[in-house]
Amino acid sequence: MRQVFSLLAMSIAAVLPAAAAQSQLPRSNLITDQRELLRGLGDISVSVSLPSEMSFSERTIQTNFELRLRQTGITVDERSGNELALTMTTMHNIDDGGRDLGSLIYSVDLDMLTMVQIADFRPEMRLTIAPVWSTSRFGIVGRSRTAEVRETLDDMMSRFLNDYLAVNPRR
């Protein structure tokens with residue numbers, strides 16, 4: 001057993017330097033600003049997932065986001081491989097005694113998902129869907145005032161559009 005382990009360790013030691021050298025990408029290929037991943041993105045689809053406690057519907061937010069994309073000059077296509085995904089979760093705010101405090105704690109994520117190629121130097125091309133841009137918010141809101149969360153959603157969409165336009169200026 002000790003000989004097998006020793007032989008395995010020597011094999012790994014011989015292979016690792018070559019693998020490490022092969023996997024190092026030039027620094028110039030590294031993207032440090034997530035906005036750069038939005039450059040030349042193309043058509044976008046929109047998906048919205050909201051909890052039932054919200055005083056507005058998924059369809060209302062989706063329609064609003066699609067309109068804002070179109071106003072910016074971005075083509076909206078539900079069959080696109082680029083998806084702007086809004087996901088919100090909530091939970092009831094309860095004190096230590098189990099008493100409901102009448103408010104919701106919420107978390108909302110806005111992600112630009114697209115097909116990416118994994119650069120792991122395997123002979124076969126490997127693709128996956130991954131977020132290339134994202135922003136998140138969380139907060140607490142009274143259950144009777146969930147409409148206030150729409151302002152947060154609009155701010156998040158504005159941030160996406162500003163970042164998109166920073167690398168894809170209108171002509």
Undergrad: Examine the side chains of Glu58 and Gln62 and answer whether a donor and an acceptor come within less than 3.5 Å of each other.
TA: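 The answer is no; no qualifying pair exists.
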Undergrad: Using distance alone, with no hydrogens and no angle criterion, decide if Glu78 and Ser45 have a side-chain donor and acceptor under 3.5 Å apart.
TA: no
Undergrad: Apply side chain to side chain contact (heavy atoms under 4.5 Å, CB included) to Glu36 and Val167, showing your working.
TA: CA-CA 6 Å; Glu36 281 301 318; Val167 295; 3.6 Å; yes
Undergrad: Flag yes if Phe65 and Leu41 sit in one hydrophobic cluster, no otherwise; membership is Ile, Leu, Val, Met, Phe, Trp, Tyr, and two members link when side-chain heavy atoms are under 4.5 Å apart.
TA: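 Yes, Phe65 and Leu41 fall within the same hydrophobic cluster.
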Undergrad: Would a 4.5 Å heavy-atom cut-off, applied to side chains only, mark Leu50 and Leu86 as touching?
TA: yes
Undergrad: Over all heavy atoms of both residues, which pair between Gln34 and Trp133 is shortest? Give the atoms and the distance, please.
TA: OE1-CA, 3.3 Å
Undergrad: Got a donor-acceptor contact below 3.5 angstrom from the Asp163 side chain to the Arg35 backbone?
TA: no
Undergrad: What is the distance from atom CG of Asn64 to atom CG of Leu153, rounded to the nearest 0.5 Å?
TA: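 Between Asn64 CG and Leu153 CG, I get 9.0 Å after rounding to 0.5 Å.
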Undergrad: Give a yes-or-no answer on whether the side chains of Ser103 and Asn93 include a donor-acceptor pair shorter than 3.5 Å.
TA: yes
Undergrad: Would you say the side chains of Asp109 and Thr87 form a donor-acceptor pair under 3.5 Å?
TA: no
Undergrad: Which is it for Leu69 and Leu161 under the side chain to side chain contact (heavy atoms under 4.5 Å, CB included) test, yes or no, and what are the steps along the way?
TA: CA-CA 8 Å; Leu69 288 168; Leu161 293 173; 3.8 Å; yes
Undergrad: Can you establish whether the number of heavy atoms outside Arg145 located under 6.0 Å from its atom CZ is more than 12?
TA: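 Count not over threshold, so no.
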Undergrad: Under a 3.5 Å cutoff, is there a donor and acceptor pairing between the side chains of Thr146 and Ser55?
TA: yes
Undergrad: Would you give the length of the straight line joining atom CZ of Arg150 to atom CD1 of Ile61, rounded to the nearest 0.5 angstrom?
TA: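 It comes to 4.0 Å.
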Undergrad: So which heavy atom on Val132 is nearest to which on Leu37, and how close?
TA: O-CD1, 3.3 Å
Undergrad: Heavy-atom count check: over 12 atoms from other residues, nucleotides or ligands less than 6.0 Å from Phe56 CZ?
TA: yes
Undergrad: How long is the gap from CG on Asp111 to CZ on Phe160, to the nearest 0.5 Å?
TA: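 So the gap between those two atoms works out to 11.0 Å.
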Undergrad: Can you measure from CG (Asp155) to CG (Leu110) and round to the nearest 0.5 angstrom?
TA: 11.5 Å
Undergrad: Within the 3.5 Å criterion, strictly below it, is a donor on Ser47 or Glu83 matched to an acceptor on the partner's side chain?
TA: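 Present: a donor and an acceptor within the cut-off.
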Undergrad: Using modelled atom types only, decide if a donor and an acceptor are shared between the side chain of Asp95 and the backbone of Leu101 within a distance under 3.5 Å.
TA: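 No, because the side chain of Asp95 does not come within donor-acceptor range (under 3.5 Å) of the backbone of Leu101.
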Undergrad: Check whether the side chains of Arg137 and Thr152 place a donor and an acceptor atom closer than 3.5 Å, and report yes or no.
TA: no
Undergrad: Evaluate the criterion side chain to side chain contact (heavy atoms under 4.5 Å, CB included) for residue pair Val76 and Ile44; output intermediate values, then yes/no.
TA: CA-CA 5 Å; Val76 176; Ile44 295 176; 5.8 Å; no
Undergrad: Roughly how far, to the nearest 0.5 Å, is the OH atom of Tyr106 from the CE atom of Met54?
TA: 8.5 Å
Undergrad: Could you give the distance from CE (Met88) to CG (Leu104), rounded to the nearest 0.5 Å?
TA: 9.5 Å
Undergrad: So which atom in Leu113 and which in Ala85 form the shortest heavy-atom distance, rounded to 0.1 Å?
TA: CD1-CB, 4.0 Å
Undergrad: Assess the residue pair Arg170 and Leu165 against the criterion (side chain to side chain contact (heavy atoms under 4.5 Å, CB included)); give the C-alpha distance rounded to whole Å, side-chain angles, the decisive distance to 0.1 Å, and a yes or no.
TA: CA-CA 7 Å; Arg170 289 189 190 191; Leu165 288 172; 4.1 Å; yes
Undergrad: Where the side chain of Thr72 meets the backbone of Ile74, is there a donor-acceptor pair that is under 3.5 Å apart?
TA: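 Checked: no pair found.
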Undergrad: So that I can tick it off, tell me whether Arg143 and Asp100 are bridged by a salt bridge, with the cut-off set at under 4.0 angstrom between side-chain N and carboxylate O.
TA: yes
Undergrad: If the test is side-chain contact (heavy atoms from CB on, under 4.5 Å), which one of Thr90, Val141, Asp154 qualifies with Val149?
TA: Val141
Undergrad: Quick check against the 3.5 Å criterion: does Asn82 have a side-chain atom that pairs as donor or acceptor with the backbone of Met112?
TA: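 No; zero donor-acceptor contacts below 3.5 Å.
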Undergrad: Is there a path of hydrophobic side-chain contacts, each under 4.5 Å between heavy atoms, that joins Leu127 and Val116?
TA: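 Looking at the clustering, Val116 is in a separate group from Leu127.
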Undergrad: Would Arg70 and Thr75 count as a side chain to side chain donor-acceptor pair (under 3.5 Å) if you check the C-alpha gap in whole Å, the side-chain angles of each, and the deciding distance to 0.1 Å?
TA: CA-CA 6 Å; Arg70 287 185 181 102; Thr75 302; over 6 Å; no
